[in-house]
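Working notes for the structure below.
Owing to the predicted nature of the structure, the values given are computational and were not obtained by experimental measurement.
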Amino acid sequence: VSHAGAIGIMQITPETFEWIQTYYKDDDYEVDDLKNYSVNIDYGTHILSILMDMYGNEDTAICAYNAGIGRVDGWLEDPEYSDDGKTLKALPIEETENYRHKVQQNKNAYIKLYFQDENSKNSDK
């Protein structure tokens, strides 16, 4: 559990959990169930999917996962943080900037790790 009350590997807050449950009408989970890694990952990836559909931009979706939809929508409307209303050129919260950077670093590391064999095979051609 984080200092902000986010739970589990995907760091889901109780408020976000209640929001995402509106998309899962068949599930009868409670906040404590987020301590179960399979429930946590299932809900976390569903949240990311919804954010990707909302924003159509991975980077913006990652920021919304960390800072919240309301904040990101506000930043997208502010020319100081977005030129086009779809992508973020700057962030007013250092924690979200660090989170965005860390997620992208980890994504690149996983791509390198899991697709290394495929990339080396393609470069041999």
Side chain [X], main chain [Y], donor-acceptor under 3.5 Å:
| X | Y | answer |
| --- | --- | --- |
| T45 | D42 | yes |
| E58 | Q104 | no |
| K35 | V1 | no |

Got a sec: does the [atom1] of [X] have more than 12 other heavy atoms crowding it under 6.0 Å?
| X | atom1 | answer |
| --- | --- | --- |
| I41 | CD1 | yes |
| E30 | CD | no |
| H46 | NE2 | yes |

Can you list the residues that meet the salt bridge (Lys or Arg N to Asp or Glu O under 4.0 Å) rule with K102, with sequence neighbours excluded?
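For K102 there are no salt bridge (Lys or Arg N to Asp or Glu O under 4.0 Å) partners, ignoring immediate neighbours.
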Among residues at least two apart in sequence or on other chains, which ones pass salt bridge (Lys or Arg N to Asp or Glu O under 4.0 Å) with E95?
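For E95 there are no salt bridge (Lys or Arg N to Asp or Glu O under 4.0 Å) partners, ignoring immediate neighbours.
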Could you check if a side-chain atom of [X] sits within less than 4.5 angstrom of a side-chain atom of [Y], using non-hydrogen atoms only?
| X | Y | answer |
| --- | --- | --- |
| R100 | D59 | yes |
| I93 | R71 | yes |
| I7 | I12 | no |
| Y55 | V72 | yes |
| M10 | Y43 | no |

So, for [X] and [Y], which heavy atoms are closest and what is the spacing to 0.1 Å?
| X | Y | result |
| --- | --- | --- |
| N40 | G8 | ND2-CA, 3.3 Å |
| G5 | P14 | O-CD, 3.4 Å |
| Y81 | W75 | CB-O, 3.5 Å |

Interatomic distance, [X] atom [atom1] to [Y] atom [atom2] [nearest 0.5 angstrom]:
| X | Y | atom1 | atom2 | result |
| --- | --- | --- | --- | --- |
| F17 | Y29 | CZ | OH | 8.5 Å |
| L88 | E80 | CG | CD | 12.0 Å |
| D33 | S38 | CG | OG | 9.5 Å |

Side chain to side chain contact (heavy atoms under 4.5 Å, CB included) partners for N98, two or more places apart:
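Testing N98 for side chain to side chain contact (heavy atoms under 4.5 Å, CB included), a comparison that skips the adjacent residues, returns E94.
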Starting from [Y], can I reach [X] by hopping between I/L/V/M/F/W/Y residues whose side chains sit under 4.5 Å apart?
| X | Y | value |
| --- | --- | --- |
| V103 | L51 | yes |
| I69 | I62 | yes |
| L76 | M52 | no |

Are N57 and T87 linked by a side-chain donor-acceptor pair shorter than 3.5 Å?
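Absent: no donor and acceptor within the cut-off.
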Taking the inter-plane angle between the rings of W19 and Y23 on a 0 to 90° scale, is it parallel (under 30°), tilted (30 to 60°) or perpendicular (over 60°)?
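If you compare the ring of W19 with that of Y23, the planes turn out perpendicular.
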